[in-house]
Amino acid sequence: MEIFKTASDMREWSDSMHRAGQTISFVPTMGYLHDGHLSLMEKGASLCSALVVSIFVNPTQFGENEDLDAYPTDIERDLKLIKAKGARAVFLPDKKEIYPENYQTYITLEHLPKHLCGLSRPVHFRGVATIVSKLFNIVRPDAAVFGAKDFQQLQVIRQLNRDLNFGINIIGAPIVRESDGLAMSSRNAYLDPEQRDSALSLSRSCSQAEKMVKAGEKSANAIRSHIKSFIESFPDTRVDYISICDPDTLNEVEEIDTEVLFALAVQVGRARLIDNILIKP
Ligand code: PAF
């Protein structure tokens, strides 16, 4: 497995692979890999002849007072896991390689970031759109795989891919959960045992919201307020948002008549966790 630290080495390798008739699938990560990331790699490996994984904790997608400095990392372990998944190359740049002195170009989307996580993380999707565009230009993949846990991120990247004509096949992969339902996340590492129990409030909220819709509840407000009280009954939780929205535009809905996205973000101790489910009435 090749490890590239510069954009030029990475791109040269990708270009030579394409010249040799190979196709490239790509899984960008911020490292500290868990089974969710590994499932993205399996999906990627099944799509193309060569899988590339990147590890880069992207500073521009963290706001001030967020957990950039605390973000967990274990590069040696990550590299072993990536190799075991059969990746052909890893892109492992440092911060200066991606954002050299006098860096000044950022990508912003007009509408999608004005919902859900974008409301309390105002610079987040600008940072995501910028790094993902740069990685697409460096790795030049034919397909790229992103987890559906970050549903809004997946929609932002689909939009970016269309708007900027990257022409990449963007694949959304299902959420991977622990056996008790908790969605896998690198940030679960912040939870102590009591907070780990409280974190179950997210996946349970998704199931409860689905049950309410299937039982005929049409009022999004009734569901939001029921779920808010439910989450607040768990210690050490603070609801950031509970959204019931159109899966494409992310606009909030009032009446549930067609498929909706139920999505939520909850601060549990020092971990900000997200989860979601698509629900058909
Ligand atoms: O989902 C993530 O881990 C990150 O947001 C991504 C896509 C690797 C960009 O930094």
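Atoms considered below: every heavy atom in the structure, side chains included; atoms not considered: hydrogens, waters and symmetry mates. Atoms within each ligand, like the ligands themselves, are counted from 1 in listed order. For reference, positions follow the sequence shown, starting with 1.
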List in chain and number order the residues that pass salt bridge (charged side-chain N to carboxylate O under 4.0 Å, His left out) with [X], two or more places apart in sequence or in another chain; answer none if no residue qualifies.
X: Glu210; result: none
X: Glu12; result: none
X: Lys43; result: none

I'd like the atom pairs linking ligand 1 to the protein - N or O on both sides, separation under 3.5 Å - with distances to 0.1 Å.
{"from": "ligand 1", "atom 1": "1 (O)", "to": "Gln153", "atom 2": "NE2", "distance (Å)": "2.8"}
{"from": "ligand 1", "atom 1": "5 (O)", "to": "Gln61", "atom 2": "NE2", "distance (Å)": "3.0"}
{"from": "ligand 1", "atom 1": "5 (O)", "to": "Gln153", "atom 2": "OE1", "distance (Å)": "2.7"}
{"from": "ligand 1", "atom 1": "10 (O)", "to": "Gln61", "atom 2": "OE1", "distance (Å)": "2.7"}

For this session: Please name the pair of heavy atoms, one in Ser185 and one in Lys149, separated by the smallest distance, quoted to 0.1 Å.
Result: CB-NZ, 3.8 Å

Exercise. Just by distance, do the side chain of Gln195 and the backbone of Asp192 share a donor-acceptor pair under 3.5 Å?
Worked result: yes

For this session: Please work out whether the ring planes of Trp13 and Phe4 are parallel, tilted or perpendicular, with thresholds of 30° and 60°.
Result: tilted

